[in-house]
Amino acid sequence: LIKTLELSEKTVHDFTSTSDVISALNAGKREKIDLCSFMQRFIEYFETPDSKIRLEIKTEGIFVECIPDALERVISSILENATDFRKKDTEIICIIETKNSETNIIIKNQGRLIDEKDLTNIFDLGFSLRENETQANGIHQGFGLFLVQAVIEFHGWNISAKNNSEPPGVEFIIGIL
């Protein structure tokens with residue numbers, strides 16, 4: 001009974017969170033922000049002694065138009081996933097770069113790879129790679145990366161994930177067009 005109640009509570013929380021994101025997108029005002037400064041401030045806030053994040057700015061002076069609260073939600077969700085699935089005592093790397101007139105935010109970790117068949121599903125509603133009995137942060141129902149993709153697409157951007165072989169890990173790429 002307790003597990004059922006916990007699952008119900010988590011479901012209500014996830015639906016409320018989804019509703020909050022939709023409201024923020026509908027009511028949010030797009031602003032032109034300095035992406036590098038935004039990421040530096042956000043990482044300083046997000047980083048903990050147990051979760052080190054290195055920011056590599058390969059292209060300076062990048063300004064993007066976005067809803068800042070929504071972008072915070074996106075980066076937070078990706079960093080949480082990167083942290084949860086990283087190899088112990090390794091850092092998360094965030095890269096900001098521009099290539100061929102497309103700005104990319106790349107967030108990568110060292111750790112478990114994602115099965116190739118699952119790489120296309122990780123942004124689907126309800127998809128989760130976590131096993132309920134081994135979760136440190138409770139029940140996960142696959143809302144986080146689904147919301148990430150929705151926010152990214154709302155802005156007219158794209159997102160993908162891929163495995164890295166050396167060092168082994170996963171990389172999320174947000175393409176800001």
Side-chain angles (χ1 to χ4, degrees), residues 21 24-25 28-124 127-130 142-177:
V21 169
L25 291 175
K29 182 180 174 212
R30 289 182 185 246
E31 298 174 27
K32 196 169 197 172
I33 64 165
D34 178 335
L35 185 61
C36 298
S37 295
F38 174 89
M39 289 295 291
Q40 284 173 325
R41 284 189 311 272
F42 187 78
I43 287 171
E44 286 170 8
Y45 169 78
F46 192 88
E47 191 174 48
T48 68
D50 294 333
S51 179
K52 295 292 182 194
I53 304 168
R54 178 171 27 116
L55 178 61
E56 296 178 9
I57 299 173
K58 297 190 175 183
T59 308
E60 295 278 347
I62 299 171
F63 289 85
V64 297
E65 194 170 294
C66 68
I67 300 171
D69 290 346
L71 183 56
E72 281 182 13
R73 173 66 186 241
V74 163
I75 301 302
S76 176
S77 189
I78 294 172
L79 285 173
E80 286 172 11
N81 276 279
T83 300
D84 288 350
F85 287 98
R86 73 184 161 90
K87 185 177 164 185
K88 187 176 168 83
D89 298 324
T90 60
E91 66 184 354
I92 307 298
I93 301 171
C94 294
I95 302 168
I96 300 173
E97 66 181 7
T98 299
K99 286 186 179 176
N100 303 325
S101 73
E102 179 176 288
T103 296
N104 292 311
I105 301 171
I106 301 165
I107 299 173
K108 56 185 177 177
N109 71 358
Q110 293 179 41
R112 172 177 128 190
L113 300 178
I114 298 173
D115 238 298
E116 289 298 321
K117 67 178 177 45
D118 292 334
L119 277 173
T120 57
N121 300 325
I122 61 171
F123 298 104
D124 292 349
F127 186 84
S128 179
L129 292 171
R130 292 175 174 91
F143 280 87
L145 292 178
F146 171 76
L147 286 176
V148 163
Q149 184 176 40
V151 170
I152 292 295
E153 289 177 352
F154 179 87
H155 282 85
W157 306 340
N158 60 57
I159 187 164
S160 61
K162 70 176 193 172
N163 289 319
N164 290 322
S165 56
E166 277 306 313
V170 175
E171 178 175 311
F172 286 87
I173 304 111
I174 300 170
I176 300 173
L177 309 171

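Keep in mind that what you see is a predicted model, and the values were worked out from it rather than measured. Worth knowing before you read on, the calculation uses all heavy atoms, side chains too, and leaves out hydrogens, waters and symmetry mates.
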Practice task
Kindly determine whether Ile159 and Val148 satisfy side-chain contact (heavy atoms from CB on, under 4.5 Å), including the steps that lead there.
Solution key: CA-CA 9 Å; Ile159 187 164; Val148 163; 3.5 Å; yes

Problem - Within-4.5 Å side-chain heavy-atom neighbours: Lys87 and Thr90 - result: yes

Problem - Close side-chain approach of Glu97 to Ile57, heavy-atom, < 4.5 Å - result: no

Handout entry: Note, Cys94 side chain near Leu79 side chain (heavy atom, < 4.5 Å)
Key = yes

Problem - Between CD1 on residue Ile114 and CD on residue Glu171, distance to nearest 0.5 Å - result: 11.5 Å

Completion exercise
When rounded to the nearest 0.5 Å, the distance separating CD1 of Ile105 from CD1 of Ile174 is 4.5 Å

Handout entry: Distance in Å, Leu71 CG paired with Arg73 CZ, rounded so as to fall on 0.5 Å steps
Key = 12.5 Å

Problem - Close side-chain approach of Ser160 to Phe172, heavy-atom, < 4.5 Å - result: no

Handout entry: Shortest non-hydrogen contact between Leu55 and Gln40, atoms and distance
Key = CD2-CG, 3.3 Å

Exercise for the section: Look at the side chain of Ser77 and the backbone N and O of Val74, then say whether any donor-acceptor pair between them is shorter than 3.5 Å. Expected result: no

Handout entry: Closest heavy-atom pair and its distance - Phe123, Leu145
Key = CD2-O, 3.4 Å

Practice task
Determine whether Asp118 and Phe127 make a side-chain contact, defined as any pair of heavy atoms from C-beta on separated by less than 4.5 Å.
Solution key: yes

Problem - Residues Lys32, Glu65: salt bridge by 4.0 Å N-O rule - result: no

Practice task
Any chance you could measure Phe38, atom CZ, to Ile96, atom CD1, to the nearest 0.5 Å?
Solution key: 9.5 Å

Problem - Between CD on residue Glu72 and CZ on residue Arg41, distance to nearest 0.5 Å - result: 8.5 Å

Handout entry: Parallel, tilted or perpendicular: rings of Tyr45 and Phe42 (30°, 60°)
Key = tilted

Handout entry: Short side-chain to backbone donor-acceptor contact, Asp34 and Ser37, under 3.5 Å
Key = yes

Problem - Any donor-acceptor pair under 3.5 Å from Asn109 side chain to Ile92 backbone - result: no

Problem - Distance-only side-chain donor-acceptor flag, Asn163 / Glu116, under 3.5 Å - result: yes

Handout entry: Flag side-chain contact, heavy atom, 4.5 Å: Asn164 against Lys108
Key = yes

Practice task
Indicate yes or no: at least one non-hydrogen side-chain atom of Asp124 is less than 4.5 angstrom from one of Phe146.
Solution key: no

Exercise for the section: Taking the side chain as every heavy atom from C-beta outward, state whether Thr48 and Thr83 have any pair of such atoms under 4.5 Å apart. Expected result: no

Problem - Check ion pair Glu31-Lys29 (N to O, under 4.0 angstrom) - result: no

Exercise for the section: Take Phe63 and Leu35, measure what side-chain contact (heavy atoms from CB on, under 4.5 Å) needs, and give me the verdict at the end. Expected result: CA-CA 6 Å; Phe63 289 85; Leu35 185 61; over 6 Å; no

Problem - Trace of the side-chain contact (heavy atoms from CB on, under 4.5 Å) decision for Ile107 with Ile95 - result: CA-CA 6 Å; Ile107 299 173; Ile95 302 168; over 6 Å; no

Practice task
List the atom of Glu102, the atom of Asn158, and the distance in Å for their closest heavy-atom pair.
Solution key: OE1-ND2, 4.2 Å

Practice task
For residues Ile122 and Ala161, report the shortest heavy-atom separation together with the two atoms involved.
Solution key: CD1-CB, 3.5 Å

Problem - Donor-acceptor contact below 3.5 Å, side chain Glu47 vs main chain Ile53 - result: yes

Problem - Heavy-atom donor-acceptor pair, His155 side chain to Ile67 backbone, under 3.5 Å - result: yes

Problem - Straight-line distance of Arg54 CZ to Ile93 CD1, nearest 0.5 Å - result: 4.0 Å

Practice task
Assess whether side-chain contact (heavy atoms from CB on, under 4.5 Å) is satisfied between Ile106 and Glu56, documenting all intermediate values.
Solution key: CA-CA 10 Å; Ile106 301 165; Glu56 296 178 9; over 6 Å; no

Completion exercise
Closest non-hydrogen atoms of Ile33 and Cys66, given as atom of the first, atom of the second and distance, are CD1-SG, 3.6 Å

Fill in the blank from the handout: Taking every heavy atom of Trp157 against every heavy atom of Gly175, the minimum-distance pair comes out as CB-O, 3.0 Å

Problem - Under 3.5 Å donor-acceptor, Thr59 side chain and Thr98 backbone - result: yes

